[in-house]
Amino acid sequence: MKTPFYITTPIYYVNAQPHLGHAYTTIIADVARRFHEMCDQPTFFLTGTDEHGDKIVRAARREKMSPRAYADKVSAQFQALWPKLNIDLSRFIRTTDPGHQLVVKQILQKIYDSGDIYFAEYEGLYCFGCERFYNERELVDGLCPDHQTAPELIREANYFFRMSRYQQWLIDHITAHPDFIRPERYRNEVLAFLREPLEDLCISRPKSRLQWGISLPFDDRYVTYVWFDALINYVSALGYPDGEDFATFWPQVQHIVAKDILKPHGIYWPIMLKAAGIPVYQHLNVHGYWNIDQSKMSKSLGNVVDPLHLKDIYGLDPFRYFLLREMNFGLDSSFSEEQLVARINADLANDLGNLFSRVTAMAHKYHGGRIPAPDPAVEADLKLSLQAEAWKTIEAYTAAMHEFAFHRAVQMVWDFISQMNKYIDVTQPWVLAKDKRARPQLDAAIYNLLEGLRVVSGLIYPVMPDTAASMQRHLGLDPAERFYDLEGLKAWRGLPPGSVLPKTVALFPRIDWPPKPTATAAAADTPLAAPAFKPQISYEDFSLLDLRVATVLKAEAVPKAKKLLKLEIDVGERRTIVAGIAGSYAPEDLIGAQIVVVANLKPAKLMGVLSEGMLLAATGEEVTALATVTRPMPPGTPLR
RNA sequence: GGCGAUGUAGCUCAGUUGGUCAGAGCAUGCGGCUCAUAUCCGCAGUGUCCGGGGUUCAAUUCCCUGCAUCGCCA
């Protein structure tokens, strides 16, 4: 059996909804898994959710839910997303799974027994509002920055993991295995960090402060905190210590993380494994961040532009292609709709899609829709074979994929696509088709192009599985036949001459950019009914508005008017304004409220009452909500 | 505040150990083809390789420093 391949994403913390970053990490894991499937290796692909901790307790409280119910809700959102991104998981783990909790306890006990966990007391400045310790630098004038209260000096005892004992071992391991952490920049970062003495890691919280966690097996008064709970999912998911999957897939494991959690995965986790007597992982693959360029996103989806929604507009495969092609693995990249469309048009529609279209169209036109049989002698004499180029492409692609250099792997495929476009230009099949004596040349040219497309269809499978299958069908093959198998792709002349090609298709339609308003509104198919955005204005335009905080002094209904209230306000001076908010606010509820008004709007009479300004409010279908400020401000304070 | 990373053509970025390394794609301009989703092919540019020092016969590439951006930690 070939070497197994086990790939993980971090388990995502359920204090936030899934976003582009989560999607990217999980998509590249899916791509890596599919690639190793091409290599005929057994694969296991794990992702999941991290659900314990005080942040979850607080988020749950805000939504008036139990931590469990809250975690269930957000975890379900993650689980629901992956199939929509064509992500093919082996297992979705949750840190609240009983099996996981058991393994966490087993490993904690094992390390405790071997003496690498100890109990210690310390004191620090604690804010009861935030439920956390602060150090003096974080305080503002000695006060908690959130609560403006003085933190209290309290003593607390906790359990600590003796990481320092393994510092030198880790340095040696990283030095001996140069690609243990990759790309290299992150390896260097970890080594730089390890030049300083490693502090022991606090791994518990007393239950007086936090109950939403896994109890320590050796002290029931505590729960374990963050890293022992979270990182252990990578082994618990396989059924450590005796599970069959653990025996098969560990330690053939590669982790994928974003750069923000380099330290826990590059330092804590290998040391935890070492201390627990478990072999360490093969590679830690670290990627960068997506910076979202709001200015280059169309506003067709309303005011919130969620990159994940773009897959519904432009298609999942193009979306996956863009993420893989655009980000240089390890570095930050920028994301915008404009760039996405540019990639789709240039790479997918013009290069690949048009190549596929022109080749299959010629096969129909010149060969009646049947795959021609090339004469090997003619092929060799006139150097018409694309086999060498295909072979080089597969080699370079494979090497890049093994290194997690996805952008380079994809580029290799597109280099080959470009070679095929040139090949058509040079061989000029439309000229050959006019000359009966050139028939063998034409057969060889079209066959080689079709065969090249077969290779391309296999190579794009990890990134664009649906498109790959579609190309296969249109080459007259059955996608169910593991067409992406790497050995099969290397074997030239995989297409049987004489077989029938289905009607040709346009794989990727070109996209108009910027979008035509009517077209996008229909395509967006979005429940958000926010009105279209107004044209851009300059800051100077904006500064013409005189927006002020005002306090409501008196409020009463305007006689005979259903919606109008007459307000006496203080905007630094006393004024009267009229507002159409009677449907949503009772006059008595507004007394003392702070609102935002346009103070330099030309006065107007409404139902006979002079209004000297206008208040700001969000006007919905049913209700209206007043704009206000989040803390009391003196009346007349300008807004900008 | 400490540690680290990044800063190269209008845009997005390649540049493995210092000496044809000043590049690619997109965008722009011009030319060619017609099989193809007005697609493809060819040609043409533009750059204080972030600023300032230093090492060297020679630095985008090494060292120091400043600025900007990002991440981690505090």
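Naming convention: chains lettered A, B, ... in sequence-line order (proteins, then strands); numbering from 1 in each chain.
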S.K.: Run the salt-bridge test on A:K392 and A:E389 with the 4.0 Å N-O cut-off and return the result as yes or no.
M.R.: no
S.K.: With both distances under 3.5 Å as the test, what is the Watson-Crick or G-U wobble partner of B:G1?
M.R.: B:C73
S.K.: Is the terminal nitrogen or CZ of A:R343 (NZ for Lys, CZ for Arg) located under 6.0 angstrom from the six-membered ring centre of A:F322 and within 45° of that ring's axis?
M.R.: no
S.K.: Within this structure, what is the CG-to-C1' distance between A:N354 and B:U37, rounded to whole angstrom?
M.R.: 6 Å
S.K.: Counting only side-chain nitrogens and oxygens, does A:N291 get under 4.0 Å of the OP1 or OP2 atom of B:C70?
M.R.: no
S.K.: Heavy atoms under 4.0 Å, any strand shown: does A:Y366 hit a base, just sugar-phosphate, or nothing?
M.R.: sugar-phosphate
S.K.: Once you round it to whole Å, what is the distance between P of B:C3 and CD of A:E199?
M.R.: 16 Å
S.K.: Are A:D200 and A:R165 within salt-bridge range, i.e. N to O under 4.0 Å?
M.R.: no
S.K.: May I ask which nucleotide in the shown strands pairs with B:U48, Watson-Crick or G-U wobble, both distances under 3.5 Å?
M.R.: none
S.K.: Please state the P separation for the pair B:U12 and B:C72 - nearest whole angstrom.
M.R.: 23 Å
S.K.: Can you tell me, in whole Å, how much space there is between the P of B:G51 and that of B:C33?
M.R.: 45 Å
S.K.: Mind checking the P distance from B:U37 to B:C43? Whole angstroms is fine.
M.R.: 26 Å
S.K.: Using atom P in both nucleotides, what's the gap between B:U6 and B:A14 to the nearest angstrom?
M.R.: 10 Å
S.K.: What nucleotide among B:G32, B:A36, B:C72 has an atom nearest to a side-chain atom of A:A361?
M.R.: B:A36
S.K.: Specify the separation, in whole Å, of atom CZ of A:R185 and atom C1' of B:G71.
M.R.: 12 Å
S.K.: Rounding to an integer number of angstrom, what distance separates B:C40 and B:U34 when you compare their C1' atoms?
M.R.: 9 Å
S.K.: Please pick, from B:A5, B:U37, B:C35, the nucleotide with the shortest atom-to-atom distance to any side-chain atom of A:K365.
M.R.: B:C35
S.K.: In Watson-Crick or G-U wobble terms, both distances under 3.5 Å, what is the partner of B:A24?
M.R.: B:U12
S.K.: Between B:C35, B:G4, B:C41, which nucleotide gets closest to the side-chain atoms of A:R195?
M.R.: B:G4
S.K.: For the pair A:R182 and A:E403, find out whether any cationic side-chain nitrogen is under 4.0 Å from an anionic carboxylate oxygen.
M.R.: no
S.K.: Considering only atom P, compute the distance from B:U61 to B:C49 and round it to an integer number of Å.
M.R.: 10 Å
S.K.: Could you tell me if A:Y366 and A:D443 have a donor-acceptor pair between their side chains, going purely by distance under 3.5 Å?
M.R.: no
S.K.: Between the protein and nucleotides 7-14 of chain B, which nitrogen or oxygen pairs come in under 3.5 angstrom?
M.R.:
{"from": "B:U12", "atom 1": "O2'", "to": "A:E326", "atom 2": "OE2", "distance (Å)": "3.3"}
{"from": "B:C13", "atom 1": "O3'", "to": "A:N328", "atom 2": "ND2", "distance (Å)": "3.3"}
{"from": "B:A14", "atom 1": "OP1", "to": "A:N328", "atom 2": "ND2", "distance (Å)": "2.2"}
{"from": "B:A14", "atom 1": "O5'", "to": "A:N328", "atom 2": "ND2", "distance (Å)": "2.8"}

S.K.: When you check the gap from the basic side-chain N to the acidic O, do A:R209 and A:E156 get nearer than 4.0 Å?
M.R.: yes
S.K.: Under a 4.0 Å threshold between the charged nitrogen and the carboxylate oxygen, would A:E379 count as salt-bridged to A:R493?
M.R.: yes
S.K.: For B:G42, give its Watson-Crick or G-U wobble partner with both distances under 3.5 Å, or none.
M.R.: B:C30
S.K.: Which of these nucleotides, B:U37, B:G71, B:U34, is closest to any side-chain atom of A:L507?
M.R.: B:U37
S.K.: Using the C1' atom on both, measure B:G15 against B:G53 and round to a whole Å.
M.R.: 25 Å
S.K.: Taking atom P of B:C73 as reference, at what distance in whole Å does atom CG of A:D260 sit?
M.R.: 9 Å
S.K.: Does a side-chain N or O of A:R358 approach OP1 or OP2 of B:U37 to a distance below 4.0 Å, or not?
M.R.: no
S.K.: Pick base, sugar-phosphate or nothing for A:N188, based on heavy-atom distances below 4.0 Å to the nucleic acid.
M.R.: nothing
S.K.: Looking only at the side chain of A:N421 (C-beta and beyond, no hydrogens), which of the listed nucleotides B:C40, B:G4, B:C70 gets closest?
M.R.: B:C40
S.K.: Tell me which one of A:F406, A:Y24, A:F404 satisfies ring-ring contact (aromatic ring centres under 6.0 Å, His included) with A:H287.
M.R.: A:Y24
S.K.: Counting any heavy atom closer than 4.0 Å, what does A:F508 reach on the DNA or RNA strands: base, sugar-phosphate only, or nothing?
M.R.: base
S.K.: Looking at A:K263, I'd like to know whether one of its side-chain N or O atoms comes within less than 4.0 Å of OP1 or OP2 on B:G4.
M.R.: no
S.K.: Rounded to the Å, how far apart are A:I446 CD1 and B:A36 C1'?
M.R.: 11 Å
S.K.: Given B:U37, B:C35, B:G42, which nucleotide is nearest the side-chain atoms of A:S357?
M.R.: B:U37
S.K.: Taking a pair as Watson-Crick or G-U wobble with both distances under 3.5 Å, which nucleotide is matched to B:U56?
M.R.: none
S.K.: Atom CE of A:M327 to atom P of B:G25: distance rounded to whole Å?
M.R.: 23 Å
S.K.: Quick one: on RNA chain B, does A:R510 or A:V359 contact a more 5' nucleotide (nearest heavy atom)?
M.R.: A:V359
S.K.: Cation over ring, A:K259 on A:Y289, under 6.0 Å and within 45°?
M.R.: yes
S.K.: Can you check the A:H265 NE2 to B:C72 C1' distance for me, whole Å?
M.R.: 15 Å
S.K.: Would you say the ring centers of A:H173 and A:F180 fall short of 6.0 Å from each other?
M.R.: yes
S.K.: Could you give the CG-to-P distance, from A:L352 to B:A36, as a whole number of Å?
M.R.: 18 Å
